[in-house]
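Worksheet for the structure shown next.
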Amino acid sequence: MTEQRFDPSQADGRWQRAWDEARCFEADSDSNRPKSYVLEMFPYPSGRIHIGHVRNYTMGDVLARYKRMTGHEVLHPMGWDAFGMPAENAAMEQGVHPAGWTYQNIATMKAQLKRLGFALDWSREIATCDPSYYGHEQALFLDMYEAGLVYRRQSAVNWDPVDQTVLANEQVVDGRGWRSGALVEKRQLNQWFLKITQFAQDLLGGLGTLEDWPEKVRLMQENWIGKSEGLQFRFDLTNGDTLDVYTTRPDTIFGASFVAVAPDHPLAEAVAQVNCDAAKFIEKCRAGGTTAAELETAEKLGFDTGIGAVHPFDPDKRLPVYIANFVLMDYGTGAIMAVPGHDQRDFEFATKYGLPIVRVVAASAEQADAPLTEAEAGDGVLVHSAILDGMTVPEAKRAVIAAAESQGWGEGKTVWRLRDWGVSRQRYWGTPIPFIHCGECGVVPVPKEQLPVTLPEDVDFSIPGNPLVRHPTWKHVDCPKCGGAAERETDTLDTFVNSSWYFLRFASQPADRPFDRDEVAKWLPVDQYIGGIEHAILHLLYARFWTRALKHIGKIDVAEPFRSLFTQGMVTHETYERKNPENGQPVYFGPGEIERSAEGAVLKADGDPVTIGRVIKMSKSKKNVVDPDDMVERYGADAVRWFMLSDSPPERDLPWSESGIEGCGRFVQRLWRLFSQYDDAATGEDRALQRKQHQTIAAAAEDIEALAFNKAVARVYEFTSAVEKAPPSATRSESIATLMLLASPMMPHLSEEAWHNAGFDGLVSEAEWPPVDPALLIEDEVTIAVQVKGKLRDTLTVAKGLPQVEVEALALASEKVQRALDGAEVRKVIVVPDRLVNIVA
RNA sequence: GCGGGUGUGGCGGAAUGGUAGACGCCGGGGACUUAAAAUCCCCUGAGCUUUGCUCGUGCCGGUUCGAGUCCGGCCACCCGCACCA
């Protein structure tokens, strides 16, 4: 006899232990079933699992469990993206060691994930902060160095002069250090780079093969790589020098009214040597923000160097050369020809400094003198452009490039927006870069047999700066080449490096090398990768680059790491706030502190109302967070999982609500009551229910494979209602068993318990997805909409496949149709078979 | 600023160019109960002159027999912008 209510507090743990004991989620690479590699982006161990993680991993889990039920050998691993700044911040703020803090968090979060019943292969767990992981990363980095994919050069960092520390962009607030409040300076340091640009064309071309990636992500990457074809050419300057500029619009060369260089361009620096106003201007630019967003939103500012540039088509024409804050040194040559008529940035600059704005492209020759109120980037024909007049934009581009090449002052050139990847971080909690600096031999790689270069444990975070630099002994080593005194590299690798190959390490974990080539060949590519849209560009591009780099140096034979990608939305929640009467700043309250009703919300503490604010991404600062553990404790893992899948399409944001999770808890119990009605002694057929059953199996499978979990959930609801209403029969019992199977990827604990109680053998987690009888999918009647002039007037229920003429006759015979027609003459009748009739009068 | 996305009832959403609002939440009514919880049933886009009609998918316009869906232009919000992960 089964209990009245399903009790997750004891059932969840029992089945989780049963899965562990059966080791049913460990991937067997010797299996001859078709493989399926399901991977969710691994989490940063920040402390506790966030509800957003729960959503991400629930989606992957449903797919992994479904794939296992449909006969696949599934690899569904989990690990920890364990290096990063928060551990160092915790060390500084709480006096804990980054390693201790990180491993403690991992233990906590692992227990939380276990409580949710995810079908993960924990035998392959990795933490990137473990030397057994990052040691192999160091080896791969050295391999890339040997292959010429790693180099060093000067590059700017944000320097906090008070804390004597390099700051990340997010640590710079309004141009000041977040801790010290000091004005941040740009400082040049020698840093390590990976040559991602060597693969620019391949990374771009590869996007075309990624059919199962969202179009938007491919577009974003394409724009990020930013291939552009244009003209690089040389201006002769009035001071006797020359200046190389790059333009994607050589056709507009007659519209150029000035030339601009980046503040850190050599020409700008040369001018600053002799002109202190220029030096001050450059100083001002350096004090500003470093990010592209800040540069481009800042007011356009320039400094006239007094130098003139000779127009290549008109030796008498001189263009003033400016230093301008909106020109980027990293793109092209760091210098541009500015065409205000056809580039909005140039337009704003020209307006501000009173420079000429000339139209050189118009819709037609007659429009040559149409006034410009903003820059026009559209197509048209060339005007006011001497020899180019009348040409189209593409013709003029070709003509100018041809002229430059034949006259020897420039050449057509492909330029990429993509820049090489700076991987140096002046921080402790990361992978040590395995190099040694020797006064005699220069930069020397650490010999492979000396890997891993591990982090020293005795470090002091009470003072700012990189502890590796000031550690008493760690960096002092003998040069591997000459044996003389030398120093270790104290920079560590960007944490994006850790996440650029972890999916390979999951496939196999040999101790003596990063991965096994055959195992990688067996499991890769990842069949379904799931993560947040915020990783659309950087992480995914870096992982694609590492895959190419490792293939290039002969380590693997994988073209693309992720065959199919899915980007899920965020979990959001209402905010509850009051205005602080003293400063007008909002004071936030957590969901646990308030009492929510249909009328509004009141604070439990004082019973007075609070304002219900916008529904936004959960964040600690807004206190609109819920803790997954609390929810699992109150409603059980299955209700939480069900909520994560319900309602919102997975690619969109999911608003968490208390009433929503309560509804899910109720549905778990409702299913439980239905499951307990399973009776293998029942007899009799129920054709309609049988039809519904098979339609539901097919539709749910289709929905899960399309990751449309919200639709699969709706199918289960619908089918549940149908089974509940059906009178007892063998079909009904069969339907109940089917429902256990359909629900099992989403609500595995409930399903295991019910499966067991119904007397079935084995675990439902190892059962097969129920087969579909195609004959039962077809309906024999259809409902046809009848429209008059596009408006619905009636519906008809007819046999499926009824000939068009008969449908038309039935529609015209309808009383409602005749009334709507009101005697008007029928001009045309459109019949869509089995769907609709539209009568046009 | 640039690149990418999203917008449908009170709320989350469904809908191969073909019946807009499936399914769920909230709310309302009823049954059961001494009562409550739990459960079950019914109703639930707006308006109107209610056998039915009109309006309605962010806003403005277009294509079509027919537009939530396609095209053009706007608006709002979200994501990314290279040292957050």
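Every chain is numbered from 1 and lettered A, B, ... according to where its sequence line falls, protein lines coming before strand lines. In this text the structure is predicted, and so the values were computed from the model without any measurement.
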In short, side-chain hydrogen bond (donor to acceptor under 3.5 Å, both in side chains) pairs touching residues 660-671 of chain A with sequence neighbours left out are A:Arg670-A:Ser721, A:Arg670-A:Glu724
Using the side-chain heavy atoms of A:Trp224, tell me which of these nucleotides is nearest: B:A82, B:A85, B:G66. B:A82
How many angstroms lie between atom CH2 of A:Trp159 and atom CD of A:Glu185, to the nearest 0.5 angstrom? 9.0 Å
Answer with base, sugar-phosphate or nothing: what part of the nucleic acid does A:His535 contact at a heavy-atom distance below 4.0 Å? base
Given the P atoms of B:U69 and B:G18, what is the spacing between them in whole Å? 11 Å
Distance-only donor-acceptor check, side chains A:Asp420 and A:Thr197, under 3.5 Å: yes
Contacts of A:Asp330 meeting salt bridge (charged side-chain N to carboxylate O under 4.0 Å, His left out) (sequence neighbours excluded), chain-then-number -> A:Arg419
May I ask you to test the A:Asp491-A:Gln426 pair for a side-chain heavy-atom distance under 4.5 Å? yes
Please state the P separation for the pair B:G9 and B:G5 - nearest whole angstrom. 23 Å
Taking salt bridge (charged side-chain N to carboxylate O under 4.0 Å, His left out) as the test, write out the residues that go with A:Arg544, two or more places apart. A:Glu560
Taking atom C1' in both B:U49 and B:U64, what distance in whole Å separates the two? 34 Å
Just call it for A:Phe496: base, sugar-phosphate, or nothing, with non-hydrogen atoms closer than 4.0 Å on any strand. base
With ring centroids as reference points, do A:Phe667 and A:Trp642 lie under 6.0 angstrom apart? yes
Residues passing the salt bridge (charged side-chain N to carboxylate O under 4.0 Å, His left out) test with A:Glu718, sequence neighbours excluded, are A:Lys692
Counting distance alone, no hydrogens or angles: does the base of B:C83 have a donor or acceptor under 3.5 Å from a partner atom on the side chain of A:Arg427? yes
Salt bridge (charged side-chain N to carboxylate O under 4.0 Å, His left out) evaluation trace for A:Arg819 with A:Glu815: CA-CA 6 Å; A:Arg819 202 183 321 130; A:Glu815 189 190 323; 3.7 Å; yes
Nucleic acid contacts - residues 658-667 of chain A versus RNA chain B, non-hydrogen atoms under 4.0 Å: A:Ser659, A:Arg666
Which whole number of Å gives the distance between the P atom of B:U16 and that of B:A38? 37 Å
Residue A:Tyr44, side-chain atoms from C-beta onward, closest of B:A85, B:C65, B:G24: B:A85
Kindly give the atom pairs (protein nitrogen or oxygen, nucleotide nitrogen or oxygen) under 3.5 Å for nucleotides 14-17 of chain B.
unit_1 : atom_1 : unit_2   : atom_2 : d
B:A14  : OP1    : A:Asn710 : ND2    : 3.2
B:A15  : OP1    : A:Lys711 : NZ     : 2.6

Which one, B:A22, B:C79, B:C65, comes nearest to the side chain of A:Ile830? B:C65
Between B:G10 and B:U44, how many Å separate the two P atoms, rounded to a whole number? 15 Å
A:Gly569 near the nucleic acid: base, sugar-phosphate alone, or nothing, with a heavy-atom cut-off under 4.0 Å? nothing
Mark yes or no for a side-chain to base donor-acceptor pair under 3.5 Å between A:Gln426 and B:C83, with no hydrogen or angle criteria applied. yes
Proximity to the side chain of A:Arg5 - top-ranked nucleotide from B:A85, B:A82, B:A38: B:A38
With distance as the sole test, does A:Glu40 use its side chain to make a donor-acceptor pair with the main-chain N or O of A:Ile530 at under 3.5 Å? no
Report which part of the nucleic acid A:Leu418 touches: base, sugar-phosphate, or nothing (heavy-atom distance under 4.0 Å, all strands). base
Base, sugar-phosphate, or nothing: which does A:Ala536 touch, judged by heavy atoms less than 4.0 Å apart? nothing
What's A:Thr783 touching, base or sugar-phosphate or nothing? Going by heavy atoms closer than 4.0 Å. base
Determine the contact category for A:Ser46: base if any of its heavy atoms lies under 4.0 Å from a base atom, sugar-phosphate if only primed atoms, P, OP1 or OP2 are that close, otherwise nothing. nothing
Residues at least two apart in sequence or cross-chain that pass side-chain hydrogen bond (donor to acceptor under 3.5 Å, both in side chains) with A:Gln787, listed by chain then number, are none
Give the nucleotide from the list B:G66, B:G3, B:C23 with an atom nearest to the side chain of A:Met220. B:G3
Choosing from B:A82, B:C40, B:C23, which nucleotide comes nearest the side chain of A:Arg673? B:C40
Answer with yes or no whether the side chains of A:Glu137 and A:Asn498 bring together a donor and an acceptor at under 3.5 Å. yes
Run the side chain to side chain donor-acceptor pair (under 3.5 Å) test on A:Tyr133 and A:Trp501 for me, step by step, so that the C-alpha distance in whole Å, both residues' side-chain angles and the decisive distance to 0.1 Å come before the verdict. CA-CA 10 Å; A:Tyr133 182 83; A:Trp501 68 283; 3.2 Å; yes
Just the dot-bracket of RNA chain B, please: which string comes out with Watson-Crick or G-U pairs under 3.5 Å, [ ] for crossing, | for another strand? (((((((..(((.....[....))).(((((.......))))).((((...))))..(((((..]....))))))))))))....
Polar-atom pairs under 3.5 Å, protein N or O versus N or O of nucleotides 41-45 of chain B: list them with distances, or write none.
none

Once you apply a heavy-atom cut-off of 4.0 Å, does A:Val157 come out as touching a base, just sugar-phosphate, or nothing? base
Parallel under 30°, tilted from 30 to 60°, perpendicular over 60°: which one fits the rings of A:Tyr576 and A:His573? perpendicular
Just by modelled atom types, is the A:Arg652 backbone N or O under 3.5 Å from a matching donor or acceptor in the A:Gln568 side chain? no
Please report the distance separating the P of B:A15 from the corresponding atom of B:U63, rounded so that it comes out in whole Å. 29 Å
Near RNA chain B, counting only heavy atoms under 4.0 Å, which residues of residues 784-791 of chain A show up? A:Ala785, A:Gln787, A:Lys791
Side-chain-base donor-acceptor pair under 3.5 Å for A:Asn838 and B:C65: yes
Using atom P in both nucleotides, what's the gap between B:G45 and B:G21 to the nearest angstrom? 10 Å
Check the interface with nucleotides 46-53 of chain B: list each N/O to N/O pair with the protein under 3.5 Å, or write none.
unit_1 : atom_1 : unit_2   : atom_2 : d
B:C53  : OP1    : A:Arg793 : NH1    : 3.1

Looking across every strand, which nucleic acid part, if any, lies under 4.0 Å from A:Asp81 by heavy atom: base, sugar-phosphate, or nothing? sugar-phosphate
So if I take every side-chain heavy atom of A:Ala292 and compare against B:C84, B:A82, B:A85, which nucleotide ends up nearest? B:A82
Sorted by chain and residue number, the side-chain hydrogen bond (donor to acceptor under 3.5 Å, both in side chains) partners of A:Asp494 (sequence neighbours excluded) come out as A:Trp421, A:Arg425
Kindly say whether A:Lys816 contributes a backbone atom to a donor-acceptor pair with the side chain of A:Ser814 at under 3.5 angstrom? yes
Testing B:A82, B:C83, B:G18 for proximity to the side chain of A:Gln191, the answer is B:C83
